[in-house]
Amino acid sequence: RGRSPSPPPRKPSRARDISPSPPKEETDWRGRKINGQDSGGGGGPELEGEVTTRVIDGAPNRAGEPTWLAEIYVPRPPPMRPGTICVRGPLRFDKKFAEEDGDRLVKAHRDGGYKSVLDLR
């Protein structure tokens, strides 16, 4: 077998003919815009202190009985980027108890913010 021919020699660089790159935007380590340039978080209004709750179906237990759990969506605390965090309560065998969990989570957020919600959970 013979060797394949070498590639042709390179042409000299023409850097002076190429237009300069656009100015770089300031981004964080994830590549997201900083200084309020990007809304981030997405998905609806994010007013300070606004929370959303709902009761969802949980996984059935071993006996096949249905379960429910409360979810609360709370604004992220200030050191974090803007958005919401979903905190879930325990599985309940009665939907009424899951709804009560949701009410307790809302009250905890009103009284002490995100940390109180985590402590109650």
Side-chain angles (χ1 to χ4, degrees):
R1 274 186 162 194
R3 289 179 75 182
S4 59
S6 300
R10 292 180 146 198
K11 295 180 182 180
S13 170
R14 303 183 81 191
R16 67 178 179 262
D17 295 339
I18 299 172
S19 64
S21 299
K24 286 196 163 220
E25 296 175 343
E26 291 193 38
T27 58
D28 66 3
W29 64 274
R30 293 183 191 103
R32 295 186 181 119
K33 296 178 187 177
I34 58 174
N35 297 333
Q37 298 172 356
D38 189 12
S39 63
E46 295 176 8
L47 303 174
E48 186 62 35
E50 181 181 336
V51 297
T52 307
T53 60
R54 65 181 186 168
V55 174
I56 62 169
D57 296 336
N61 69 357
R62 290 183 184 179
E65 297 171 1
T67 59
W68 293 270
L69 62 128
E71 286 184 337
I72 182 171
Y73 294 88
V74 297
R76 286 194 175 130
M80 297 178 168
R81 63 187 167 97
T84 56
I85 298 175
C86 176
V87 180
R88 292 181 172 168
L91 288 175
R92 300 293 189 185
F93 295 106
D94 190 341
K95 192 170 185 174
K96 184 180 86 170
F97 290 136
E99 291 168 355
E100 291 172 2
D101 287 342
D103 295 339
R104 280 195 295 272
L105 291 169
V106 169
K107 183 179 183 314
H109 183 267
R110 216 174 322 140
D111 294 344
Y114 175 66
K115 182 142 176 56
S116 293
V117 172
L118 290 182
D119 292 342
L120 177 66
R121 176 181 69 137

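Everything quoted here is computed from the prediction, not taken from an experiment.
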(request) List, by chain and then residue number, the residues other than Leu91 in its hydrophobic cluster (Ile/Leu/Val/Met/Phe/Trp/Tyr, side-chain heavy atoms under 4.5 Å); write none if there are no others. (result) Ile56, Leu69
(request) Please report the closest heavy-atom contact between Gly102 and Ala70, naming both atoms and the distance. (result) N-CB, 3.5 Å
Identify all side-chain donor-acceptor contacts of residues 113-121 below 3.5 Å with residues at least two apart in sequence or on another chain.
unit_1: Ser116; atom_1: OG; unit_2: Gly112; atom_2: O; d: 3.3

(message) Taking side-chain hydrogen bond (donor to acceptor under 3.5 Å, both in side chains) as the definition, give me every residue that meets it alongside Asp57, ordered by chain and number, with sequence neighbours left out.
(response) Trp68
(message) The criterion is side-chain contact (heavy atoms from CB on, under 4.5 Å); which residues satisfy it with Asp103, sequence neighbours excluded?
(response) none
(request) State, yes or no, whether a side-chain contact exists between Pro75 and Met80 at a heavy-atom distance under 4.5 Å. (result) no
(request) Measure the shortest side-chain to side-chain distance between Arg92 and Val55 over non-hydrogen atoms and say whether it is less than 4.5 angstrom. (result) no
(message) Can you pull out every salt bridge (Lys or Arg N to Asp or Glu O under 4.0 Å) where at least one residue sits in residues 59-71? Sequence neighbours excluded, please.
(response) Arg54-Glu71, Glu71-Arg88
(message) Just to verify, what does Lys107 make a salt bridge (charged side-chain N to carboxylate O under 4.0 Å, His left out) with, not counting sequence neighbours?
(response) Asp111
(message) Test of understanding: with salt bridge (charged side-chain N to carboxylate O under 4.0 Å, His left out), list the residues that count as partners of Arg104, not counting sequence neighbours.
(response) Asp101
(message) Would you say Tyr73 ends up clustered with Val87 if hydrophobic residues are merged whenever their side chains have heavy atoms under 4.5 Å apart, either directly or through other cluster members?
(response) no
(request) Is it possible for you to say whether Ile85 and Ile72 belong to one hydrophobic cluster, with membership spreading through side-chain heavy-atom contacts below 4.5 Å? (result) yes
